[in-house]
Amino acid sequence: MDASRLLSVLNDIESEFENGLTRLLTTLVQQYTTARDSPTVDNAPTIQKTFASLLEFIDNGRFTNYPPSKTGILRAIEGDAFVGPGLKGRLNTLLSVAGQTTAGIVSALTALQADVTTFKKSCAQTKAGLEALGLSPHSISPGAFEVGVLIPETLVDHKLSSLVKELGTWNKILRGFQEVAGEEEREVTVVGLASGSYEAYIPLGLLAASYLSRTIDKVLEWYSKVLEIRKHRLELKELGAPTAETSAIQKHEKDLIEKGIEALAKEIVKEAHPKVDQTRKHELETHLTISIRQITRFVDRGGNVEVASTPPKIAEQPATVGDEATSEEKKDYDRLLDEYKKLNLQAQKVNEIIRSGSALRQLPARPEPILQIEMDSDEDTTAIEKHPKRKAEKSS
């Protein structure tokens, strides 16, 4: 586990509690305690309002769209039970027990609160220890984006040669997204090795990050659809209803993904940066089609990929000016309003990239592939390497 990334997770946990989680949880316990001690008073509306506020806080918190790499660290320290969706699930379960009395709820909530306090204390001690050693938390500068590729050891059979090959594939994939976005290419740099997996991280610009995060979101969509198809097919089989032949189902699943991959590649190339050579677009579309297929297969085999960034600060809308304002004041207001709209639009784009880029955290464990994806042997050599101009640039 990378210590700087662990420290970053600990900072996120601390911020979540300080920014309202502790207060809302404490308030909920207090209100249920009051209801237990004053059974003749109707405290239900107040309790419901506080509980709704608590769930809303969790849904809007940083752990709802937490990237897979950080989610892995959170689970490793068993923190997923105290923040984010894990805590929300515990609260819903705790408050939905059939026949549960108010006294029972108070007892369960008090126990949860005690566990939270112990967890917070452990996090604070660990954080202090890491900081005392001179470590700094991993951070991404505002407006910057980082792609994380998480490669399970089992996927590369614990072999260095296989790991190098996998990283080489990702190098080609990301360079293609960067070219379509009109961005400078960067080599993949391995910055962390974790128990059970290898982690590689690389910076990307806004446009390339948006393309890749959209791809990640689509992979989740395709995988979820295949899981749903298989689930319903199994249900029909258990009910004794006739089901389609396995080969027909597999063909449908394969067509669903292949058509989706081709459509996404066309969509991304259509939005390519103006500086991209028009004569390269067909070649780039071929490259992206192969790359998206490789990403989908990588995820199906148990790998994970994410796009992370620092959530932007919410811009403040400028105060309106009245009719009595001078022309200079009105001009200044128009300038500030235009700047606010641009910042707000930029923030929406970044937040959407963060949401889509962390989508694969929703996937279940993938012990074996289930998608009908076949890779041709020549797909190891992607279109981007065949471009003569790029070879000339590298040799110069």
Side-chain angles (χ1 to χ4, degrees), residues 4-31 47-96 109 112-124 126-127 137-146 148 213 216-217 220 304 306-316 344 346-363:
S4 66
R5 292 177 186 273
L6 169 59
L7 188 52
S8 177
V9 171
L10 294 174
N11 280 345
D12 289 342
I13 291 170
E14 182 179 73
S15 296
E16 192 82 347
F17 282 113
E18 289 182 350
N19 291 341
L21 186 55
T22 297
R23 174 181 56 79
L24 288 166
L25 186 58
T26 300
T27 302
L28 185 65
V29 175
Q30 291 173 342
Q31 289 176 349
I47 290 175
Q48 289 170 359
K49 183 178 179 180
T50 299
F51 185 56
S53 296
L54 176 55
L55 296 187
E56 183 182 8
F57 177 87
I58 293 173
D59 286 339
N60 294 330
R62 67 191 70 210
F63 294 100
T64 296
N65 292 320
Y66 222 38
S69 61
K70 282 189 165 185
T71 299
I73 294 174
L74 189 65
R75 286 173 180 161
I77 63 175
E78 299 183 352
D80 54 324
F82 299 102
V83 292
L87 175 61
K88 181 179 178 179
R90 286 183 72 181
L91 287 167
N92 282 325
T93 299
L94 187 153
L95 297 177
S96 61
L109 282 175
L112 172 61
Q113 191 177 34
D115 289 343
V116 166
T117 300
T118 301
F119 174 70
K120 283 170 55 182
K121 185 177 179 181
S122 297
C123 287
T126 304
K127 179 174 177 289
H138 172 75
S139 61
I140 304 173
S141 302
F145 301 88
E146 181 183 77
S213 66
I216 291 170
D217 211 21
L220 172 65
N304 237 320
E306 65 189 35
V307 180
S309 184
T310 299
K313 292 182 178 179
I314 300 174
E316 290 187 17
N344 201 37
Q346 182 80 351
Q348 289 176 16
K349 289 180 179 178
V350 173
N351 285 328
E352 178 56 27
I353 290 172
I354 292 172
R355 185 202 66 76
S356 300
S358 64
L360 295 184
R361 74 191 182 283
Q362 301 174 51
L363 282 181

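Only a predicted model underlies this, so the values are computations on that prediction, with no experimental measurement involved.
When the side-chain hydrogen bond (donor to acceptor under 3.5 Å, both in side chains) test is applied to S309, no partner is found at least two apart in sequence or on another chain. K120 is linked by a salt bridge (Lys or Arg N to Asp or Glu O under 4.0 Å) to nothing, counting only residues two or more places apart in sequence or in another chain.
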Take L7 and H138, measure what side-chain contact (heavy atoms from CB on, under 4.5 Å) needs, and give me the verdict at the end. CA-CA 7 Å; L7 188 52; H138 172 75; over 6 Å; no

Kindly indicate, with the supporting measurements, whether the criterion side-chain contact (heavy atoms from CB on, under 4.5 Å) is fulfilled by N351 and N65. CA-CA 9 Å; N351 285 328; N65 292 320; over 6 Å; no

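Side-chain contact between L363 and N304 is absent, with no heavy atoms from C-beta onward closer than 4.5 Å. Put simply, the side chain of V116 does not reach to within 4.5 Å of the side chain of L21, judged on heavy atoms. Side-chain contact between I354 and P311 is present, with at least one heavy-atom pair separated by less than 4.5 Å. Side-chain atoms of F17 and T117, non-hydrogen and from C-beta on, never get closer than 4.5 Å to each other. Contact of the F63 side chain with the I13 side chain is registered, since non-hydrogen atoms from C-beta on lie closer than 4.5 Å. You'll find the side chain of S356 stays beyond 4.5 Å of the side chain of I216, heavy atoms only. Within the 4.5 Å cutoff, the side chain of R355 has heavy atoms near those of the D217 side chain. The shortest distance between side-chain heavy atoms of L109 and L91 falls below 4.5 Å.
Note: I47 CD1 to L28 CG = 7.0 Å, rounded to the nearest 0.5 Å. To the nearest 0.5 angstrom, K88 atom NZ is 3.5 Å from D59 atom CG. A distance of 10.5 Å separates CG of L74 from CZ of F82, quoted to the nearest 0.5 Å. In this structure, CD1 in I77 is found 9.5 Å from OG in S122, a value given to the nearest 0.5 Å. Note that CG of D80 is 8.5 Å distant from OG1 of T71, once rounded to the nearest 0.5 Å. Taken from CG in L24 to OG in S53, the straight-line distance is 6.5 Å, to the nearest 0.5 Å.
A salt bridge is absent between K349 and E352: the closest approach of a Lys/Arg side-chain nitrogen to an acidic carboxylate oxygen does not fall below 4.0 angstrom.
A donor-acceptor contact shorter than 3.5 Å links the side chain of T93 to the backbone of G89.
Contact record, S358 with P67: CB-CA, 3.8 Å, taken as the closest heavy-atom pair.
More than 12 heavy atoms of other residues, nucleotides or ligands sit less than 6.0 Å from atom CD of Q362.
Sorted by first then second residue, the side-chain hydrogen bond (donor to acceptor under 3.5 Å, both in side chains) pairs that include residues 8-17, not counting sequence neighbours, are S8-K70, D12-R62, D12-Y66, D12-K70.
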